[in-house]
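Keep in mind that the numbers below use all heavy atoms, side chains included, and drop hydrogens, waters and symmetry copies. In the text below, chain A, chain B and the rest are named by the order of the sequence lines, each starting its count at 1.
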Protein chains: 2
Amino acid sequence: MYSSQLLKGTYQTLILKLLQDHPRMYGYEISQYLKEHSDGEIQLPEGSLYPILHKMAEEKLVKMERVHIGRRVRRYYSLTTAGVAEATSKIDEFNRFMATMKLLLKPNLKPL
Amino acid sequence: MYSSQLLKGTYQTLILKLLQDHPRMYGYEISQYLKEHSDGEIQLPEGSLYPILHKMAEEKLVKMERVHIGRRVRRYYSLTTAGVAEATSKIDEFNRFMATMKLLLKPNLKPL
DNA sequence: TGTAAATACATCGTATAACGATATATTGTT
DNA sequence: AACAATATATCGTTATACGATGTATTTACA
């Protein structure tokens with residue numbers, strides 16, 4: 001599990017990316033996906049997940065639809081047009097950020 | 001300039017890395033170094049820099065020495081033994097984190 | 001059949017990191 | 001003389017995230 005310090009600020013980008021690749025996903029599904037695809041290193045807690053999803057809905061980056069599964073109501077999220085643009089932009093920014101960090105953290109080869 | 005969201009949580013790692021590669025540095029020097037080596041994309045503001053440095057000194061990750069430069073007092077920071085270990089550990093964690101993020105943000109190749 | 005685990009959503013209060021604004025003083029440049 | 005750059009510092013605010021906790025349904029299994 002990575003330090004929460006590190007993960008902060010990446011959640012939104014990760015969620016946007018997942019919704020970019022999948023037509024729609026629900027909260028629990030998102031958290032499970034991240035856990036499984038990160039070897040358990042990324043565990044997005046509910047206390048963070050749902051507020052982020054609600055905020056993104058408020059900002060019109062995602063739209064939500066309630067789907068009845070038996071007696072249970074599941075909330076599916078999908079990207080809006082603005083969300084698609086935001087996803088592209090955030091992912092691009094993160095990639096540039098990684099390139100910069102890679103340079104800065106590059107091992108410093110010193111002569112013996 | 002990357003969104004402050006993204007930078008959060010990386011400052012400490014960056015500072016530890018700089019002090020790992022340089023025998024000693026002072027605050028202003030650190031901020032200038034990051035700015036220059038990131039194409040201006042990382043501008044660590046004073047309001048963030050000094051509190052971080054003070055906290056790291058308090059945690060005994062760095063030691064500080066005052067050096068008189070003419071009439072001015074410059075505060076040099078260098079890694080303690082604990083700081084050297086922390087630097088290695090933080091840099092390693094960040095590298096693993098980047099590998100995970102790279103996988104998760106990998107372009108999703110779809111057939112046309 | 002009972003119960004524990006997994007699924008699924010939610011919110012409140014707290015913690016803390018980072019930042020903008022602001023302040024002080026020296027040194028170099030025009 | 002005035003401005004930019006160097007150099008450090010702190011205060012108050014904001015944003016984000018998180019732990020704890022709560023509710024309810026569904027599945028597994030003993």
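Contacts between residues 53-65 of chain B and DNA chain D, defined by a heavy-atom separation below 4.0 Å, involve B:His54, listed by number. For the contact set between residues 35-43 of chain B and DNA chain C, defined by any heavy atom under 4.0 Å, there are no members.
With sequence neighbours excluded, no residue forms a ring-ring contact (aromatic ring centres under 6.0 Å, His included) with B:Tyr77. Checked against ring-ring contact (aromatic ring centres under 6.0 Å, His included), B:Tyr28 has no partners two or more places apart in sequence or in another chain. Under the rule for a side chain to side chain contact (heavy atoms under 4.5 Å, CB included), the partners of B:Pro45 that lie at least two apart in sequence or sit in another chain are B:Tyr11, B:Ser48. For the side chain to side chain contact (heavy atoms under 4.5 Å, CB included) test, no residue two or more places apart in sequence or in another chain qualifies with A:Arg72. Evaluation of the ring-ring contact (aromatic ring centres under 6.0 Å, His included) rule for B:Tyr33 yields B:His22, B:His37 as partners, not counting sequence neighbours. For A:Arg71, there are no side chain to side chain contact (heavy atoms under 4.5 Å, CB included) partners, not counting sequence neighbours.
Put simply, the side chain of A:Gln12 never gets that close to the backbone of A:Gly9: no donor and acceptor are under 3.5 Å apart.
Residue-level contact check: A:Leu49 touches neither bases nor backbone, having no heavy atom under 4.0 Å from any strand. Nucleic acid contact for B:Ser48: base, since at least one base atom lies under 4.0 Å from a heavy atom of the residue. No engagement by A:Leu7 is indicated, since no non-hydrogen atom pair under 4.0 Å with the nucleic acid exists.
For the pair A:Tyr2 OH and D:dA17 P, the interatomic distance rounds to 18 Å; values are reported in whole Å. B:Arg71 has its CZ atom 17 Å from the C1' atom of D:dT8, to the nearest Å. In this entry the distance linking CE of A:Met1 with P of D:dC18 reads 7 Å, nearest Å.
For B:Leu79 against B:Ala87, the heavy-atom pair with the smallest separation is CD1-CB, 4.2 Å. Taking each heavy atom of A:Thr10 and B:Phe97 in turn, the nearest pair found is CG2-CZ, 3.8 Å.
In the helix from C:dT1-D:dA30 to C:dT30-D:dA1, the end axes, each obtained as the rotation axis mapping the C1' atoms of four pairs onto the next four within a five-pair block, lie 20° apart to the nearest 10 degrees.
Counting only heavy atoms from C-beta outward, the side chains of A:Arg96 and B:Glu41 approach each other to under 4.5 Å. Looking at heavy atoms from C-beta onward, A:Val84 lies out of side-chain contact with A:Gln20 at the 4.5 angstrom threshold. The shortest side-chain heavy-atom distance between A:Leu18 and B:Leu104 does not fall under the 4.5 Å cut-off. At a threshold of 4.5 Å between non-hydrogen side-chain atoms, the residues B:Ile91 and B:Leu16 do not count as touching. No side-chain heavy atom of A:Tyr76 sits under 4.5 Å from any side-chain heavy atom of A:Met25. Side chains of B:Met98 and B:Asn95 form a contact here, defined as non-hydrogen atoms less than 4.5 Å apart.
Both tests do not hold together for B:Arg75 against B:Tyr26: distance to the six-membered ring centre under 6.0 Å, angle to the ring axis within 45°.
Checked for salt-bridge contact, B:Glu65 and B:Arg24 meet the test: a charged N lies under 4.0 Å from a carboxylate O.
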Atom pairs under 3.5 Å: protein N/O with N/O of nucleotides 12-14 of chain D:
none

Pairs under 3.5 angstrom, nitrogen or oxygen only, protein versus nucleotides 4-7 of chain D, please.
residue, atom, partner, partner atom, Å
D:dT6, OP2, B:Tyr28, OH, 2.4
D:dT6, O5', B:Tyr28, OH, 3.3
D:dT6, O2, B:Arg72, NH1, 3.2
D:dT6, O2, B:Arg72, NH2, 2.8
D:dA7, OP1, B:Arg74, NH2, 2.3
D:dA7, OP2, B:Tyr26, OH, 2.8

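Residue A:Lys63 qualifies as enclosed at atom NZ: its count of foreign heavy atoms under 6.0 Å is above 12.
Interface limits on DNA chain C: the 5'-most and 3'-most nucleotides within less than 4.0 Å of chain B heavy atoms are C:dA17 to C:dT27.
If you find the closest nucleotide of DNA chain D to A:Thr10 and to A:Gly70, the one lying nearer the 5' end belongs to A:Thr10.
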